[in-house]
Protein chains: 2
Amino acid sequence: MKSPSQPRDRGIPDATVARLPLYLRALHGMAEKAIATVSSEDLAVAAGVNSAKLRKDLSHLGSYGTRGVGYDVEYLVYQISRELGLTQDWAVAIVGVGNLGRALANYGGFVSRGFRVAALIDADPEVVGDDIAGLNVEHIDELEAVIKRRGVSIVVLATPAAAAQEVCDRVVAVGVTSILNFAPVVLSVPDGVDVRKVDLSIELQILAFHEQRKAGGPLMAVDSQ
Amino acid sequence: MKSPSQPRDRGIPDATVARLPLYLRALHGMAEKAIATVSSEDLAVAAGVNSAKLRKDLSHLGSYGTRGVGYDVEYLVYQISRELGLTQDWAVAIVGVGNLGRALANYGGFVSRGFRVAALIDADPEVVGDDIAGLNVEHIDELEAVIKRRGVSIVVLATPAAAAQEVCDRVVAVGVTSILNFAPVVLSVPDGVDVRKVDLSIELQILAFHEQRKAGGPLMAVDSQ
DNA sequence: TTCTGTGAATATGTTCACAGCT
DNA sequence: AGCTGTGAACATATTCACAGAA
């Protein structure tokens, strides 16, 4: 059995990692406008954060700015991309080609820099064989074979809730350690496997909570502050 | 004993609010299995958190458990639902009926307790008039009228990135203060408007970061453990 | 006893404010 | 001068550990 010790300095804080993609997107927009240099203030505004946070975040990657000047856009794009591991191509498999899976397969931003949808997999014989976004939908029986053959390292689960845990177990068994889960279930996975969850109904419920606060409940008082 | 009249001091931490939907889902599963009472430990496992965190979270709502026994499932469902504002029905409009909008309209969990998709809106004449998930797709020109007529208080943006800010401005102008944004842009809104963002490519990039760490990148470098 | 509820301790994240480089 | 990078102060979140109710 392994020691439960973890590296003491995980390096970049989680909160920072979660914001790097935001900075990257803002920087890409600037690069397209041929902006060569940007200050922490301007980049922060474009990314929707404050400049102190941005500088602190970037300082975790190294000293890539120039005092009195700002950051070189292209250079910073490269550094953040490298930190996020986007200088290589990640093969992504989407399991479950219902409405959501289809949306994901067709989603442009998904296929963009660093990621490639390498496989679409479903259990429904009606769907298997279809061409979606230029890819042939393969049968769930082929799951393990496809993952190995295509070098898939990230799996997106867009299956019904009832199927998610089983698919998860199977992809973990063939060595996948990164899963993006859209099914509304809590997946149980071994240590070392990373699961990120996107849950539409949770987001709605959080909005409802705040909306209720603002409105003063179902009565919707006329004199809102 | 607290006065039941004014719910004034309810300072529930954001982190807690974000987890309440998780607890609620786990509790619903238990209610369906006719489980009457649950301990913090069991509920925590079902929700994928640890029990200390769960108890602390629930303590912000009040003292709804019984020492030595646990929590009454039905009662806790009610209390959390009420706190989240799910005892009323929220009318939701989905703007942008592409692949993603369609997926959302058909997503069962979306339509579940507390939420009702009240309108589907798109700019494409090809799509306007279609019936999707039992709803007629209306034209974007009708946006303001539909929102008012149906009492929409939460808007889901599933438009292309380029259209998101304009639609956002328009719905904010007619009084919407809760927006769930799927478009990969930073929306700018006035104070008091709540925007939650779901960004698929950001989630992927965060996964890639961790995956890279685990694998040591494409080179499979020295395993530092 | 069992299990909740909660202060205290710790860990993580954010903001301030200014030192230090260009 | 202008702007980054960063320690220190502050704020929020998590975990511990146990007092206290059933």
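Naming convention: chains lettered A, B, ... in sequence-line order (proteins, then strands); numbering from 1 in each chain.
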Compute whether any side-chain donor of one residue and acceptor of the other, for [X] and [Y], lie under 3.5 angstrom apart.
X	Y	value
B/Ser51	B/Glu41	yes
B/Tyr23	B/Asp57	yes
A/Glu74	A/Tyr78	no
B/Thr87	B/Arg82	no

Nearest-angstrom distance from the residue atom [atom1] of [X] to [atom2] of [N]:
X	N	atom1	atom2	result
A/Leu61	D/dT6	CG	P	12 Å
A/His60	D/dT4	NE2	P	17 Å
B/Lys56	C/dT4	NZ	C1'	12 Å
B/Asp57	D/dA13	CG	C1'	10 Å
A/Leu54	C/dG13	CG	P	17 Å
B/Tyr23	C/dT4	OH	P	13 Å
A/Glu41	D/dT4	CD	C1'	13 Å
A/Asp42	D/dT4	CG	C1'	14 Å

So which one's nearest nucleotide on DNA chain C is more toward 5', A/Lys53 or A/Val69?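 The residue closer to the strand's 5' end, by nearest nucleotide, is A/Lys53.
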
Give a yes or no answer on whether the side chain of [X] reaches the backbone of [Y] with a donor-acceptor pair at less than 3.5 Å.
X	Y	result
B/Ser39	B/Asp42	yes
A/Thr16	A/Ile12	no
A/Asn106	A/Arg102	yes

Would you say D/dC3 has OP1 or OP2 under 4.0 Å from some side-chain N or O of A/Tyr64?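 A/Tyr64 to D/dC3 OP1/OP2: no side-chain N or O under 4.0 Å.
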
Within the structure, does a side-chain N or O atom of B/Ser40 lie under 4.0 Å from either OP1 or OP2 of C/dC3?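 Checking C/dC3 against B/Ser40, no side-chain N or O comes under 4.0 Å of OP1 or OP2.
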
Minimum-distance nucleotide to [X] side chain [options: [options]]:
X	options	answer
B/Asn50	C/dT14, D/dT4, D/dT15	D/dT15
A/Pro13	C/dG13, D/dT15, D/dG5	C/dG13
B/Arg19	C/dG13, C/dC3, D/dT14	D/dT14

For nucleotides 18-21 of chain D, which of its nitrogen or oxygen atoms have a protein nitrogen or oxygen under 3.5 Å away, and what is each distance?
| residue | atom | partner | partner atom | Å |
| --- | --- | --- | --- | --- |
| D/dG20 | N3 | B/Arg67 | NH1 | 3.4 |

Would you say the rings of B/Tyr71 and B/Tyr64 are close, in the sense that their centroids are separated by under 6.0 Å? no

Could you tell me whether the side chain of B/Arg25 reaches within less than 4.5 Å of the side chain of A/Ser201, counting heavy atoms only?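 Result yes, sub-4.5 Å side-chain heavy-atom pair found.
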
Secondary-structure stems for DNA chain C, with pairs counted as Watson-Crick or G-U when both distances are under 3.5 Å and runs at least 3 long: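 Output for stems: C:1-22 with D:1-22.
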
